[in-house]
2 protein chains.
Amino acid sequence: MTAMATRQRGRPRSFDREKALHEATMAFWEHGYEATSIADLTRVMGIGAPSLYAAFGDKKALFGEVVESYAGRYGDFGRRALAEEGTARAAIGRLLGEAAVEYTDPEHPRGCLMISAAANCTAADVRAALRERREAGLAAFESRIGADVASGALPPGTDARTLARYAGAVLQGMSQQARDGASADELAKVVEVAMRAWPDRPAGRGA
Amino acid sequence: MTAMATRQRGRPRSFDREKALHEATMAFWEHGYEATSIADLTRVMGIGAPSLYAAFGDKKALFGEVVESYAGRYGDFGRRALAEEGTARAAIGRLLGEAAVEYTDPEHPRGCLMISAAANCTAADVRAALRERREAGLAAFESRIGADVASGALPPGTDARTLARYAGAVLQGMSQQARDGASADELAKVVEVAMRAWPDRPAGRGA
DNA sequence: CCCTTTACCTAGCGGTCGCTACAGAAAGGA
DNA sequence: TCCTTTCTGTAGCGACCGCTAGGTAAAGGG
């Protein structure tokens, strides 16, 4: 309390916490929250159960850290696309295009952890946590689209909420398809089709 | 063997097999294959575990019957739309529109059992069984679209496989959104947007 | 009536779940 | 050197998992 950073007393941790968290992320990403057991986790993390509990709390807290680190490391392409592109169309198009690559990257499990890892989960709070993140994503889409409607880059009658939900549905569908085995190329072609639905000039049909 | 239909010997079953199967369907639909325990099933079916095993085999076999009956009872709108509509566009548009209603019907759990019930399932064969059904659905879409390309109802360059996968992705996304709480009206608007991507006349941009 | 056949109920099997008590090991402070 | 602090490994807790043995109840056949 008085001094800060008591410079580690006692026996030092014998494993790399970041690396262990990464391995846990891969396991949860692949199999989902509930289907990944503590025994699975201790095996892939290379540590004993007491070390896991000492370092991360419990299974839910570990999953919480996994989701947080996942969002920053693998889910950030969406935020960047929304922030960096000049129009909602460009942002969503880029986001979906990058998802096609990301969701099929052989370096890690397929699809999106935040979409699939708590799909059929008994723990209601874990389900709710990921659902809230998905809803936050939709809200970010809607906000970006709304800005384009306000600026005139999209037709005045455009329903931002619906267009955001459409983009979210395509994204979630792509995640499922990736987990079902679709290739990056196949998903990229789907994105190309999906973007044809976008109202691309202020004289469009509206909605 | 010699005579047929030995007209029930022994004590008759004390529960309605169809009704029990229906209750099991609701449970699996709501919570998924793995998260639905035998104890959950016996409770909602109103029978003891030995009766369940005697009537349905084991958990996998029961789930198999559930999927089969679900496909006929709740998943048939897709087959009908593909069979009855004059064009692939009309068929897919109707299919998605009916899905918006079906996936949010308060009479039963939200979304589609075949899409979500084995999402994070440890049993690989159960996962594979539903994946194969989804792939069969995509193949049916592709076949119907291919017929329209051949007949000239769709532009010659149209990629039937991609268009089918696009429709499947939207459908799967809608299922997820329904489970996340989207209303029938919201999903219907998403369908309206999604169908704008459809190549609607033989002078379209192709792909 | 008794016998056979089938279904039901109670109780509990071996296994895995998430999690932890406990004792030993490895560091710094006195 | 000894104590305190923190981490590690073994071993196992109570609860639940899918599933079933064994005894009893309810039907038809003789």
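Since the model is a prediction, treat every value here as computed from it, not as a measurement. Just so we're on the same page: letters track the sequence lines, and every chain starts at 1.
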Quick check on C:dA7: is either OP1 or OP2 less than 4.0 Å from any side-chain nitrogen or oxygen of B:Ser14?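 Negative; the distance criterion is not met.
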Can you tell me if the side-chain N/O atoms of B:Ser51 get under 4.0 Å from OP1 or OP2 in C:dC8?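 Looking at the OP1 and OP2 atoms of C:dC8, one of them is under 4.0 Å from a side-chain N or O of B:Ser51.
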Check against side chain to side chain contact (heavy atoms under 4.5 Å, CB included), B:Tyr33 and B:Leu130: CA-CA 11 Å; B:Tyr33 175 74; B:Leu130 290 201; over 6 Å; no
Should A:Arg17 and A:Glu65 count as an ion pair when the cut-off is N to O under 4.0 Å?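 Yes.
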What contact category does [X] fall into here, base, sugar-phosphate, or nothing, at under 4.0 angstrom with non-hydrogen atoms?
X       : result
B:Thr36 : sugar-phosphate
B:Pro50 : base
B:Ala49 : base

Rounded to whole angstrom units, what separation is found between the [atom1] atom of [X] and the [atom2] atom of [N]?
X       : N      : atom1 : atom2 : answer
B:Arg13 : C:dC9  : CZ    : P     : 13 Å
A:Leu41 : C:dT16 : CG    : C1'   : 14 Å
A:Arg17 : D:dT8  : CZ    : C1'   : 16 Å
B:Phe63 : D:dG18 : CZ    : C1'   : 16 Å
A:Lys59 : C:dT20 : NZ    : P     : 14 Å
B:Lys60 : D:dC19 : NZ    : P     : 8 Å
B:Phe56 : D:dT20 : CZ    : C1'   : 18 Å
A:Phe15 : C:dA26 : CZ    : C1'   : 15 Å

Spell out, as yes or no, whether a donor-acceptor pair under 3.5 Å connects the side chain of A:Arg179 to the backbone of A:Gly111.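 Here the side-chain-to-backbone pair does not exist.
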Would you say the side-chain atoms of A:Gln172 pair up with the backbone N or O of A:Ala169, donor to acceptor, closer than 3.5 Å?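 No.
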Does B:Arg11 get its side chain close enough to the base of D:dA25, under 3.5 Å, for a donor-acceptor pair?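 Such a pair exists between side chain and base.
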Distance criterion of 3.5 Å, no angle test: do you see the side chain of B:Arg9 paired donor-to-acceptor with the base of D:dA27?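 Checked by distance alone, the answer is no.
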On DNA chain D, compare the nucleotides closest to B:Asp40 and A:Ile47; which residue's is nearer the 5' end?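 It is A:Ile47, whose closest nucleotide lies nearer the 5' terminus.
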Among D:dT8, D:dC17, C:dG18, which is the nearest nucleotide to the side chain of B:Ser37?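 For B:Ser37, the side-chain atoms sit closest to D:dC17.
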For the side chain of B:Tyr53, counting heavy atoms from C-beta on, which of D:dA26, D:dG18, C:dC19 is nearest?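 My answer, after comparing the listed nucleotides, is D:dG18.
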Quick one: are the ring centres of A:Tyr74 and A:Trp29 less than 6.0 Å apart?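 Aromatic pair counts; centres sit under 6.0 Å.
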